[in-house]
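Just so we're on the same page: letters track the sequence lines, and every chain starts at 1.
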Number of protein chains: 2
Amino acid sequence: MVSIEDLVGITMLKSSKRLTRLITMHLKPYNITSEQWIVLKRVSEADHISQKELSQRSDKDQATLTKILDLLEKNGYVSRKPNPDDRRSFLICISDSGKSLKEELFPFIEHLYSQIISDIPEEQMAVYQEVLQKIQCNIEDLKYK
Amino acid sequence: MVSIEDLVGITMLKSSKRLTRLITMHLKPYNITSEQWIVLKRVSEADHISQKELSQRSDKDQATLTKILDLLEKNGYVSRKPNPDDRRSFLICISDSGKSLKEELFPFIEHLYSQIISDIPEEQMAVYQEVLQKIQCNIEDLKYK
DNA sequence: AAAATATAATTTGTATACAAACTATATTTA
DNA sequence: TAAATATAGTTTGTATACAAATTATATTTT
């Protein structure tokens, strides 16, 4: 008797773990982790973005984002600038080397992903995404019970 | 222009994060995390199991499993017994309180999961699972390139 | 205007994941 | 049989996620 948890949940958790590990592995030569990459990408999409906004767009909580930005800043890919409109806030800016890295990695990651989904029919991908959205909605509803 | 990464990867990562968070939140009254629960469940399915086997069945690396078992053992749910056939190895055993907790939580978690997938047609769930399997296979193939 | 409340970012603490290193032990090779 | 190699589990170190607490600042309420 296989539980719903095993059928639905564990499969997803396993896949996302493997995905993260694979991306991180391929990013290793660039000395950046998959999570840092996501953040860098989001900064490149919206330069001079507040950390609050960035944490939403990258789906990371403020505490975690602070640590990731620390590392990206240490490596010279981003910088924090005081927000002139709000002294509690910083604006995160991408550096030239950050831009270069993003330009280099974007096609690389996209190609990797195209391989990850190769041989999967588009209709199936559409269903998969629809199911994930429904799961997320249901999770959202269950959060307040 | 939405990237494949955003369409395929980020959606999955988001969902699995929310899933883990939801399960952990609902398990909080029981003073056990979602990851510890998975391990407890696996021990209950195969009492006297080696850590090596357990790490495979729970999809956790040895180092992480050691820490989780430390916590479960501290809370009295499992115990380590030397393996008579191999002095490098322990057999993980479930305690009576571990069994009780598993019996209590199993239906609770199943019910939660049934809510998480409520309103999703079975055919869609089947496609979703098929896609996840394909993704995992593709990831496996890409691991060695 | 002052007080109360909310908020941005950071810090602290716990848990988890992963990689590398380690030690005792088992297995394989020569 | 001895040496070489592999392995079970643990430890150490880095990164990430999350919750709670904190401080300076902004916003809302009185």
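For the salt bridge (Lys or Arg N to Asp or Glu O under 4.0 Å) test, residues two or more places apart in sequence or in another chain that qualify with B:R57 are B:E53. When the salt bridge (Lys or Arg N to Asp or Glu O under 4.0 Å) test is applied to A:E130, the partners found at least two apart in sequence or on another chain are A:K134. The salt bridge (Lys or Arg N to Asp or Glu O under 4.0 Å) check on A:R18 picks up B:D59, with sequence neighbours excluded. Applying the salt bridge (Lys or Arg N to Asp or Glu O under 4.0 Å) rule to A:K81 yields no partners; only residues at least two apart in sequence or on another chain are considered.
Side-chain contact annotation: A:K41 with B:S3, donor-acceptor N/O pair under 3.5 Å present.
Scanning residues 29-40 of chain A for heavy-atom distances under 4.0 Å to DNA chain D yields A:T33, A:E35, A:Q36. Less than 4.0 Å separates DNA chain D from at least one heavy atom of each of the following residues of residues 78-87 of chain A: A:D86, A:R87. Using a 4.0 Å cut-off on heavy atoms, the residues of residues 66-73 of chain B that approach DNA chain C are B:I68, B:L71, listed by number. Within a heavy-atom distance below 4.0 Å of DNA chain D, the residues of residues 49-56 of chain B found are B:Q51, B:K52.
Sequence neighbours left out, not one pair with a member in residues 46-90 of chain B passes ring pair (Phe, Tyr, Trp, His ring centres under 6.0 Å). Residue pairs meeting the salt bridge (Lys or Arg N to Asp or Glu O under 4.0 Å) criterion with at least one member in residues 108-122 of chain B: none, sequence neighbours excluded.
Using modelled atom types, no side-chain atom of B:T24 and backbone atom of B:R21 make a donor-acceptor pair closer than 3.5 Å.
If one axis is set at each end of the helix from C:dA1-D:dT30 to C:dA30-D:dT1 from five pairs, those axes are 20° apart, to 10°.
With respect to the salt-bridge test (charged N to carboxylate O, under 4.0 angstrom), the residues A:D6 and B:R42 qualify.
With a 4.5 Å cut-off on side-chain heavy atoms, A:L101 and A:W37 do not count as touching.
Between chain A and DNA chain D, the heavy-atom contact criterion of under 4.0 Å yields a 5' to 3' nucleotide range of D:dA15 to D:dA26.
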